[in-house]
Amino acid sequence: MTEKQWKGAIFDLDGTLLDSMGVWDQVDIDFLKKRNLPMPDDYKQKIAAMGFPEAARYTIERFGFSETPEMLLQEWREMAREAYALHVDLKPGAKEYLEKLKSQGIPIAAATSGDRELFIPCLKHNDIYEYFDAIVTVSEVKRGKGFPDIYERAAELIGVAPAECMVFEDLTAGVKGALDGGFQAMGILDDSSKKEWESIRKMATCTIRDFQELL
């Protein structure tokens, strides 16, 4: 599917444009390890589509922690801040593909479960911040990535109808939320979501293993 078949692009960040999921895998492991807890097999998948506040509330409820969500959020941010600002790189071909879209006059939005305090320094460090016409986080809409809300808001901000937008996502929940909103959805392979790849391939409008396939 070529860019001629749509007029706007909406990108997830972690695991889609940013090669950052390893950071969060380690944060989750270290966070639970400090509390002498092993990593449950389903924990990462459960929180993947949530915003940080929702993930903090879920974590407290699941493990019976006494901390407040704000305390967990602060701890997670501190653990991830340096990695995002200095060490998280882009997926292969990501910058070149954004440049290609810009050269074609296609408006670009980001739709992310991430925290602006973390990802904006990362986007600037990788010299792609200026490519985005709009950025929306799940904390700014009612529901998380399993629903269309965040993509609908992103499409509104870039002035493109959902049916004319391609959403780029690496998680089943993101692909489902986009399709439920009437968007087209391109699934992207990420190491952290390999177990979901077959379901993503069946569900998405189209799929790629990396952005170099689109260049």
Side-chain angles (χ1 to χ4, degrees), residues 10-18 20-35 37-81 83-84 88 109-123 132 134-157 167-181 183 185 187-188 190 192-193 195-196 199-200 203:
I10 301 173
F11 290 89
D12 170 57
L13 294 180
D14 290 309
T16 298
L17 285 177
L18 305 179
S20 56
M21 296 309 288
V23 170
W24 287 111
D25 289 347
Q26 195 59 50
V27 165
D28 292 339
I29 291 168
D30 292 345
F31 172 79
L32 293 175
K33 187 176 181 181
K34 285 196 293 184
R35 291 158 175 79
L37 292 169
M39 172 66 71
D41 290 340
D42 66 334
Y43 177 70
K44 289 190 293 183
Q45 185 175 1
K46 290 286 188 183
I47 65 171
M50 298 177 184
F52 282 111
E54 185 182 359
R57 291 190 292 270
Y58 171 81
T59 300
I60 289 168
E61 181 178 346
R62 175 162 183 171
F63 297 103
F65 294 149
S66 60
E67 292 103 322
T68 65
E70 291 74 21
M71 293 167 70
L72 262 64
L73 291 173
Q74 184 60 31
E75 184 173 349
W76 288 342
R77 288 190 189 104
E78 290 296 331
M79 295 173 74
R81 184 176 285 114
Y84 266 80
V88 170
T112 176
S113 301
D115 189 312
R116 289 178 184 268
E117 182 182 350
L118 296 178
F119 67 73
I120 287 181
C122 184
L123 298 181
F132 294 95
I135 297 176
V136 185
T137 71
V138 292
S139 63
E140 298 162 15
V141 295
K142 289 184 178 180
R143 299 177 295 182
K145 281 286 190 86
F147 300 91
D149 305 32
I150 190 169
Y151 311 110
E152 290 170 344
R153 178 58 178 155
E156 179 184 355
L157 289 173
V167 173
F168 296 77
E169 275 282 359
D170 68 307
L171 294 173
T172 305
V175 171
K176 179 184 182 300
L179 293 174
D180 285 351
F183 294 82
I188 298 179
D190 187 69
S192 69
S193 55
K195 292 180 180 179
E196 301 182 37
S199 63
I200 290 172
M203 186 185 303

Evaluate side chain to side chain contact (heavy atoms under 4.5 Å, CB included) for Leu13 paired with Leu123, printing each intermediate quantity in order. CA-CA 9 Å; Leu13 294 180; Leu123 298 181; 4.2 Å; yes
From CA spacing to verdict: side chain to side chain contact (heavy atoms under 4.5 Å, CB included), Leu118, Val88: CA-CA 11 Å; Leu118 296 178; Val88 170; over 6 Å; no
Stepwise, does the side chain to side chain contact (heavy atoms under 4.5 Å, CB included) test hold for Glu169 with Tyr151? CA-CA 11 Å; Glu169 275 282 359; Tyr151 311 110; 2.6 Å; yes
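The two atoms that bring Gly187 and Ile200 nearest to each other are CA-CG2, 3.7 Å, heavy atoms only. Considering all non-hydrogen atoms of both residues, Pro40 and Leu32 come closest at CD-CD1, 3.9 Å. When all heavy atoms of Leu157 and Ala134 are compared, the closest pair comes out as CB-CB, 3.7 Å. Contact record, Phe168 with Thr16: O-CG2, 3.7 Å, taken as the closest heavy-atom pair. The minimum heavy-atom distance between Asp14 and Gly114, with the atom names listed, is OD2-CA, 4.4 Å. Looking at every heavy atom in both residues, Val138 comes nearest to Ser113 through CG2-CA, 3.7 Å.
Using a 4.0 Å cut-off between charged nitrogen and carboxylate oxygen, Lys195 and Asp41 do not count as a salt-bridge pair. The residues Arg35 and Glu75 are annotated as salt-bridged, a charged nitrogen and a carboxylate oxygen being separated by less than 4.0 angstrom.
Using a 4.5 Å cut-off on side-chain heavy atoms (C-beta onward), Phe65 and Leu37 make contact. Residues Phe11 and Ile188 fail the side-chain proximity criterion, which asks for heavy atoms closer than 4.5 Å. The side-chain heavy atoms of Leu171 and Lys145, taken from C-beta on, include no pair separated by under 4.5 Å.
Counting only distance, with no hydrogens or angles, the side chain of Ser193 and the backbone of Asp170 share a donor-acceptor pair below 3.5 Å. A donor-acceptor contact shorter than 3.5 Å links the side chain of Glu196 to the backbone of Thr172. A donor-acceptor distance shorter than 3.5 angstrom exists from the side chain of Thr68 to the backbone of Met71, with no hydrogens or angles considered.
Crowding of Lys34 atom NZ: a count of heavy atoms from other residues, nucleotides or ligands under 6.0 Å exceeding 12. Under a cut-off of 6.0 angstrom, the local environment of CD in Glu78 is crowded, with over 12 non-hydrogen atoms contributed by other residues, nucleotides or ligands.
Atom CZ of Phe31 sits about 11.0 Å away from atom CH2 of Trp24, to the nearest 0.5 Å. Distance check, rounded to the nearest 0.5 Å: CG of Asp115 to CH2 of Trp76 gives 11.5 Å. The CG atom of Asp25 lies 6.0 Å from the OG atom of Ser192; values are rounded to the nearest 0.5 Å. Note that CD of Glu67 and CG of Leu73 are 11.5 Å apart. Values are rounded to the nearest 0.5 Å. Here the CG atom belonging to Asp180 is positioned 4.0 Å from the NZ atom belonging to Lys176, to the nearest 0.5 angstrom. Taking CD from Gln74 and CG from Leu72, the interatomic distance works out to 11.0 Å, rounded to the nearest 0.5 Å.
Residue pairs meeting the salt bridge (Lys or Arg N to Asp or Glu O under 4.0 Å) criterion with at least one member in residues 148-157, sequence neighbours excluded, are Arg143-Asp149, Arg153-Glu156.
With sequence neighbours left out, Glu140 forms a side chain to side chain donor-acceptor pair (under 3.5 Å) with Arg116, Thr137.
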Quick one: side chains of residues 43-57, donor-acceptor pairs under 3.5 Å with protein atoms, not counting sequence neighbours, listed by atom name and distance.
unit_1	atom_1	unit_2	atom_2	d
Tyr43	OH	Thr59	OG1	2.7

